[in-house]
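Letters go in sequence order (proteins before strands), and every chain restarts at 1.
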Amino acid sequence: MNKMLGSKKYIILFVMPALFIFVCFTIGPLITSGIYSLFDYDGIGKMDFAGLGNYMKAITDDRHFLGAVKNSWILALASILIQLPVALFLALILARGVKGEKYFRTIYFVPVVISSMVIGQLWMKIFHSEYGLLNIFIGMFTKEPFEFSWLTDPRTAFLCTVIPSVWQFVGYHMLIFYAGIKSISTDYYEAARIDGADHKQISFRIIIPLLAPVIKTCMIFALTGSLRAFDLIYVITGGGPNHVSEVPATLMYSNLFRKGLYGYGSAQAFFIVIECVILSAIIGKLFRQAEENASAI
Amino acid sequence: MKGKFRKNGLKYFFLIVVALIQLFPLYWLITFSLKSNIEIFGENVIGLPQSWRFDNYLEAVTKAGIMRYFFNSVFYSVITVFVAGLITAMAAYAISRMIWKLKGFVFGFFSIGIMIPAQAALLPLFQVLDKLGLKGGYMGLLIPYIAGAIPMSVMILSGFFKGIPKEMEEAAYLDGCGIFRCFFEIMIPIIRPALATASIFSFLGTWNELMLANTFVDKDIYRTLPVGIMSFAGQYSTDWGLIGAGMVIATLPTILIYFMLSNQVQESLVAGAIKG
């Protein structure tokens, strides 16, 4: 058997198809993108080496890009400060065992499986200036027709993309938290309960500290998901009006495919990668202590 | 006792309010897909349709070529799920059960794919496919979709392979079974649950994908549902019932699969999170 499982021929035959496709169509393009980001390049003319010039231009010179980065950070903050706490709270209640636990879990998760194009179109209709649900609801309270164009007003356009983004993935994080809580041995709660601890104490003193690795995963997901966000914003506002709701991915997209700025657009794309890697590392570091505590218990 | 009752009430109130918030937009979508504009825009905004207009669906299917997009999406998704499932099962088998030095490295290499945002490779991918003459056709989307499904699928499957006791294949090899028969007839049936998990992940990723489908395809006949519906929504922007019908058609398969396999779907997405 070991002869068979150690055979170079078979190993190559088994790994190669997946590895080949992955290298040619994921890793290769990624590296190429990194190289483009160091050049002045429009796709047709020659490539002039620009060093970090494209990156410097993006972070010092480009007002739209800075606005886009700021927006993506707002999105990240909203995810971490609203989405994750709501998800954790729901998971804590559900995992404790309530009637209809399974139904709630299933319902919360529904938006996750729907395409972001549909979610985007749907929320566009909710925010619609004349016939949108939101205006109709407000009109019901104020007893007179209410009209406000949420999507085209510079003050609210970006908010109209943040709300669906936060809304869509509450159920996803809830489920990860829920699975994490369920994997904690019930011995811990039993012991605490015998000692007279109530739900709140059990949640804050036992479950949440033990959940540190899961919370870390969710934070990394929420953060990187926000920094790379594209679909919903592209569908709902397209970055407008006048670029106020732009995020790095939408700007990058129009630089690459509308303006043909291959070098500059690639630098913006790579900026997102670098941001994700650095912030994931920082979160990993911040949680190291908490994770050690969790595994020590 | 009364305090406890109130606390319980509050708990359920919260759970139900969130459930309504999560479901209401979907309910609204389904109801307005069955209404006429007169109802949607004034008379009956959030109630059930007064007269059920299935015509919206008929029109979406006949007028807008939605069926073409629908079958394209089915085609892309099915092929991606099968091809990615097969090649990643093979790779995961080699990584977790065969004996070679670089397997840890190769595994780590695949896991990079989970972390990088797809858009970072978008432009060179576009150029490669263009050079190969594949951009704009079925292969031009299938290949990136398969490539995109590989990392997560390898993670899920190799984790599962590692948990299978050695004895399972030992007996087969002693009986003189070749590596392919052992793989296809013994290992594949054993990893079926993990394969289902990975498949759901690949399916959702492909079915709902927007950026590549929007960028790489310019001919209408190769278009996927998300892109098709997006342009359709622009074209018939005032006919909400029709757009709603198109959106329900695009959503129905994922919702059905989700309700049929909700445990497996949930498990697969948790697996994705924990392994990632």
Side-chain angles (χ1 to χ4, degrees), chain A residues 1-2 4-6 10-11 14-15 17-19 21-22 25-26 28-30 32-33 36 90 93 98 104 106-118 121-122 125-126 131 133 136 171-172 175-176 179 217 221 228 230-231 235 249 252-253 256-257 262 265-266 269-270 272-273 276, chain B residues 11 15 18-19 22-23 25-26 28-29 40-41 45 87-88 90-91 93-94 97-100 106 110 113 116-117 119-125 128 143-144 146-147 150 154 170 173 179 204 207-208 210-211 215 226 229-230 233 240 243 247 250-251 254-255 258 262 265-266 269-270 273-274:
Chain A
M1 169 167 128
N2 283 355
M4 200 97 77
L5 291 179
Y10 288 136
I11 291 166
F14 270 69
V15 181
L19 193 61
I21 294 180
F22 180 64
F25 299 100
T26 302
L30 179 73
T32 315
S33 209
Y36 284 169
L90 288 169
I93 298 178
V98 295
F104 284 118
T106 305
I107 289 170
Y108 296 155
F109 199 71
V110 167
V112 180
V113 301
I114 300 175
S115 114
S116 37
M117 187 280 303
V118 170
Q121 290 285 347
L122 193 52
K125 301 213 169 344
I126 291 176
Y131 310 115
L133 265 190
I136 287 167
Y172 181 56
L175 194 71
I176 301 173
T217 306
F221 267 50
R228 65 167 83 163
F230 175 83
D231 288 8
V235 174
M252 166 221 88
Y253 191 81
L256 288 179
F257 292 100
Y262 285 13
S266 298
F270 233 70
I272 303 170
V273 178
C276 288
Chain B
K11 187 169 80 185
L15 289 175
V18 177
Q22 294 306 97
L23 275 190
L26 196 65
W28 188 54
L29 167 65
I40 300 170
F41 293 154
V45 182
I87 63 178
T88 57
M90 288 166 62
Y93 182 70
R97 311 207 51 103
M98 288 179 154
I99 305 148
W100 46 304
V106 170
F110 277 124
I116 57 163
Q119 61 256 38
L122 194 62
L123 172 71
L125 188 59
V128 171
I143 293 175
I146 292 166
I150 286 174
V154 168
E170 230 156 50
Y173 283 120
I179 194 159
L204 287 177
W207 185 270
N208 291 337
L210 181 67
M211 192 197 267
T215 317
I229 304 244
M230 203 165 73
W240 286 24
I243 299 170
M247 287 173 18
T251 308
T254 56
I255 295 281
Y258 174 59
S262 70
V265 175
Q266 294 180 5
L269 292 157
V270 170
I274 289 170

- prompt: Shortest non-hydrogen contact from B:I150 to A:F22?
  reply: CD1-N, 4.2 Å

message: If I measure from the heavy atoms of chain B, does A:Y10 come under 4.5 Å with its side chain, its backbone, both, or neither?
response: both

- request: Kindly say whether B:L15 contributes a backbone atom to a donor-acceptor pair with the side chain of A:Y108 at under 3.5 angstrom?
  value: yes

task: Please report the closest heavy-atom contact between A:R228 and B:Q119, naming both atoms and the distance.
output: O-NE2, 2.8 Å

message: Let's test your reading of the structure: which of B:T254, B:L125, B:L123, B:I255 forms the most heavy-atom pairs below 4.5 Å with chain A?
response: B:L123

- request: Run the numbers on A:V112 and B:L204 for side-chain contact (heavy atoms from CB on, under 4.5 Å), then give the verdict.
  value: CA-CA 10 Å; A:V112 180; B:L204 287 177; over 6 Å; no

task: Look up atom CG in A:L5 and atom OH in B:Y173, then write down how far apart they are to the nearest 0.5 Å.
output: 4.5 Å

task: Go through the steps for B:T251 and A:V113 under the test side-chain contact (heavy atoms from CB on, under 4.5 Å), then give the verdict.
output: CA-CA 9 Å; B:T251 308; A:V113 301; over 6 Å; no

- prompt: Do you know which two heavy atoms are closest between B:A121 and A:L30, and how far apart they sit?
  reply: CB-N, 3.8 Å

Working for side-chain contact (heavy atoms from CB on, under 4.5 Å), residues B:I146 and A:F25: CA-CA 9 Å; B:I146 292 166; A:F25 299 100; over 6 Å; no

query: Between B:V128, B:V106, B:L122, which shows the greatest number of heavy-atom pairs under 4.5 Å with chain A?
result: B:L122

- prompt: When rounded to the nearest 0.5 angstrom, what distance separates CD1 in B:I243 from CD in A:Q121?
  reply: 6.5 Å

statement: Here the gap from B:F110 atom CZ to A:T26 atom OG1, rounded to the nearest 0.5 Å, amounts to 9.5 Å

message: At a heavy-atom distance under 4.5 Å, which candidate from B:A120, B:P25, B:A94 has the highest pair count against chain A?
response: B:P25

Non-hydrogen atoms of B:N208 and A:I114 that approach each other most closely: ND2-C, 3.8 Å

task: Locate the shortest heavy-atom distance separating A:F14 from B:M98; write the atom from each residue and the value.
output: CD1-CE, 4.1 Å

field: Among the listed options A:L19, A:L122, A:V110, A:V273, the residue most often paired with chain B at heavy-atom distances under 4.5 Å
entry: A:L122

Under 4.5 Å from a heavy atom of chain A, the part of B:W207 involved: neither

query: Can you tell me how far the CD atom of B:Q22 sits from the OG1 atom of A:T106, to the nearest 0.5 Å?
result: 13.0 Å

field: Top contributor to chain B interface from A:I136, A:V235, A:V98 [non-hydrogen pairs under 4.5 Å]
entry: A:V98

message: Between A:Y253 and chain B, with a heavy-atom cut-off of 4.5 Å, which part of the residue counts as in contact: side chain, backbone, both or neither?
response: side chain

task: Please identify each residue that fulfils side-chain hydrogen bond (donor to acceptor under 3.5 Å, both in side chains) with A:Y36, with sequence neighbours left out.
output: B:Q127

message: Looking at every non-hydrogen atom in both residues, tell me the closest pair between A:V118 and B:A250 and how far apart they are.
response: CG2-CB, 4.3 Å

- request: Sort out for me which of A:G171, A:P29, A:S115, A:A269 touches chain B most, counting heavy-atom pairs under 4.5 Å.
  value: A:P29

